[in-house]
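A quick write-up on the structure given underneath.
When a ligand or atom number is given, it counts from 1 through the structure's own listing order. All values derive from a computational prediction rather than experimental measurement.
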Amino acid sequence: MISKYTYGEPFNTEATVKFVEPSFSGIKYLKFSGNEFVLDLLENDIVYGLGEQIRGINKRGWKYVNWNYDNPHHHEDTNSLYGSHNFLIVRSSNLFGVFFDYPGKITFDIGYTDRSKMIIHPATTDLDVYLIDGTSEKDIVKQFRELIGMSYVPPMWAFGYGQSRWGYKNEDDVRTVALKYEEAGIPLDSIYLDIDYMERYKDFTVNLDRFRDMKGLATEMKAKGVHLVPIIDAGVKIEPGYDVYEEGVRKGYFCKNEAGEDFVGAVWPGKVHFPDFLTPEARAWFGSKYEVLTSLGIDGFWNDMNEPAIFYSEDLLEDAINKIGELNNGNMGIDEFFAMTDMIGGLNGNEAYYDKFYHCIDGKMVKHSDVHNLYGFNMTRSANEALNLIEPDRRTLFFSRSSYIGAHRYGGIWQGDNKSWWSHILQAMQQLPALNMAGFMFVGADTGGFGCDTTEDLMLRWLQYSMFTPLFRNHSCNGTRFQELYQFKTVEAMKNMIDIRYRLIPYLYSEFLKATFGNEMMFRPIGFDYPDDRDALNVDDQLFLGNELMIAPIYKQNANGRYVYLPEEMMLVRMNSANEICTEIMPKGHHYIDVSLYELVFFIRSGKSIPMCDAASHTSELDFDTITMVGYGSSRYVLYKDDGISSDLSKTLEKIEYKN
Ligand code: GLC
């Protein structure tokens, strides 16, 4: 049962799609003090959720600030990341879900100030709060997901492996990647184009010196089974003669400053204007520009810098430069020196920028900071709505860096800029169930790590984790060690992992569809299926995947195995290559399992089995009809499959039963 409580005058975020009658009684379970919501917590209560946030599956013990923020250096001490997903499930004397539908800054102090209290503090008290009672966490998630609407389904090729790097500068770089993968016999479905394909970082342009014939390249790649996926950034470069800029100015589609002029921020292209994605007109206009690229044969996009990230604004930069002049008195003392470095460091993403521009909604100026967390959501929506008009019959791949609940209906997300750190494998995994709770199903992290230099063992372990996530993309930052799989000595072992991923695609795609259609989670904490098992509730580095699997990746360097907890008897599956499958039944309980660097281990749940097809070089070559079942004898599995591309999801959907 869902109850809705309205405070003040909430902004219509469009996060929800179902009408809920507002309740006029006081809110249940939480205490509302006038500007914050408080819940008393007992020692063993658990708080799940918050989507893309740091720390564990149980969110207790930290202060989280939901304010979409470009933070490529995030770690345990961070408070804000790229997305804001204000949904929680509390397992206390009452079991309930709660969604704070609030698009501005909102703080979740979950036992940080006082271990026994959860305090939720929105910047203003204009919000809707939805409170969901249910019989289990899974039941609550289902009700919530029905409230927020069905999640986005990408084309099936998006489940293939993708290679990306900020730094592929021209057609030859792209061709080299495709060729080297082909030579190494490693399956590949997509190559990503980062900002270098553009002309001076201008959206919807192609640098013709470096990409002479994008259409030809896209066709050539597609013939090899590889899709090109270009990046689109939120900011539009200010450059006289650039049609997107001039048209946006002429038609009034950019966010305004207080004086009513187009607001200026700076991102990759230098000075930019930001499209007012919160208005239907600007959304339709910006979205229509994707046709520049779809007409060249492009069928996938990643939307970036859409928190929106702002490196500097003209006035703060000028202030900083003047201040440095003042501080630089010929013999700069330590205080002045640190005042200078703090000031320079504080320019990127400074919160002051977000109070200085406005959206024009139904004739009213709305300050950006009041609706900040909706910006990336509406950029993805702009692309999705436009592509539905441009390519009504086929699905297009979209994923975004920034998001808010509601964006899950329009695209997937990648989990932002991470690092080649072991802790970031675990962090990525711990976000998965919370993202699924909030509707984000097509998700994945930059495999191998974006920032910093990766290592061969980190890459192998990361592959062994990411091979289970719907989005499976290797991406790295300019200037870091190259991490395309063919760069490593253990390329054969890496190829084995990608081959295994392709063998698993029928299962992964089928479970993705089942969870999406059924408003369920594809990735669940172990405690969701075993709420009465204290050990299961404590597990935060293993997940159930669909109805049949449990994954328990290795995320520590030099580990030759790990501890796992099996809440039931399970079948351990060990794969050294696509064709070597060893299985062993293990009893319920705690175990230490050996896992060499070169092998994949996962578990099949008691009495279940999964379908596997043969590996192939591209998803287009996968044969979903030649299925091998792996798992317990006399079990059955219902495989969901479709043509992988039609927009009408029911048109080609088939449900086929396999027996083991
Ligand atoms: C941002 C993105 C990253 C991309 C880079 C350059 O940092 O998050 O993925 O490579 O910008 O476009």
Subject >> Proximity of Tyr82 to ligand 1 by residue part, where a heavy atom lies under 4.0 Å >> reply: neither
Original post:
Heavy-atom contacts under 4.0 Å between Trp302 and ligand 1: side chain, backbone, both, or neither?
Top reply: side chain
Original post:
Is a side-chain donor-acceptor pair under 3.5 Å present for Tyr181 with Gln163?
Top reply: yes
Original post:
Are Arg165 and ligand 1 in contact, using a heavy-atom cut-off of under 4.0 Å?
Top reply: no
Original post:
Who's the nearest protein heavy-atom neighbour of atom 5 (C) of ligand 1, and how far?
Top reply: Trp166 CE3, 3.8 Å
Per-atom contacts, ligand 1 versus [X] - under 4.0 Å to a heavy atom:
| X | answer |
| --- | --- |
| Ile231 | 12 (O) |
| Asp194 | 4 (C), 6 (C), 10 (O), 12 (O) |
| Ile195 | 6 (C), 12 (O) |

Would [X] and [Y] pass as an ion pair if we require N to O under 4.0 Å?
| X | Y | result |
| --- | --- | --- |
| Asp299 | Arg394 | no |
| Lys224 | Glu220 | no |
| Asp203 | Lys237 | no |

Subject >> Test of ring centre spacing under 6.0 Å for Phe274 and Tyr353 >> reply: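 No, ring centres 6.0 Å or more apart.
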Original post:
With a cut-off of 6.0 Å (strictly less than), are more than 12 heavy atoms of other residues, nucleotides or ligands near NZ of Lys180?
Top reply: no
Original post:
When you look at CD of Glu76, are more than 12 heavy atoms from neighbouring residues, nucleotides or ligands closer to it than 6.0 Å?
Top reply: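 Open.
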Min N/O separation [X] to ligand 1 under 3.5 Å:
| X | value |
| --- | --- |
| Asp304 | yes |
| Arg401 | yes |
| Asp417 | yes |
| His475 | yes |

Subject >> Partner of His368 by ring-ring contact (aromatic ring centres under 6.0 Å, His included), out of Phe263, Tyr358, Tyr354 >> reply: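 One option only clears the test, and that one is Tyr354.
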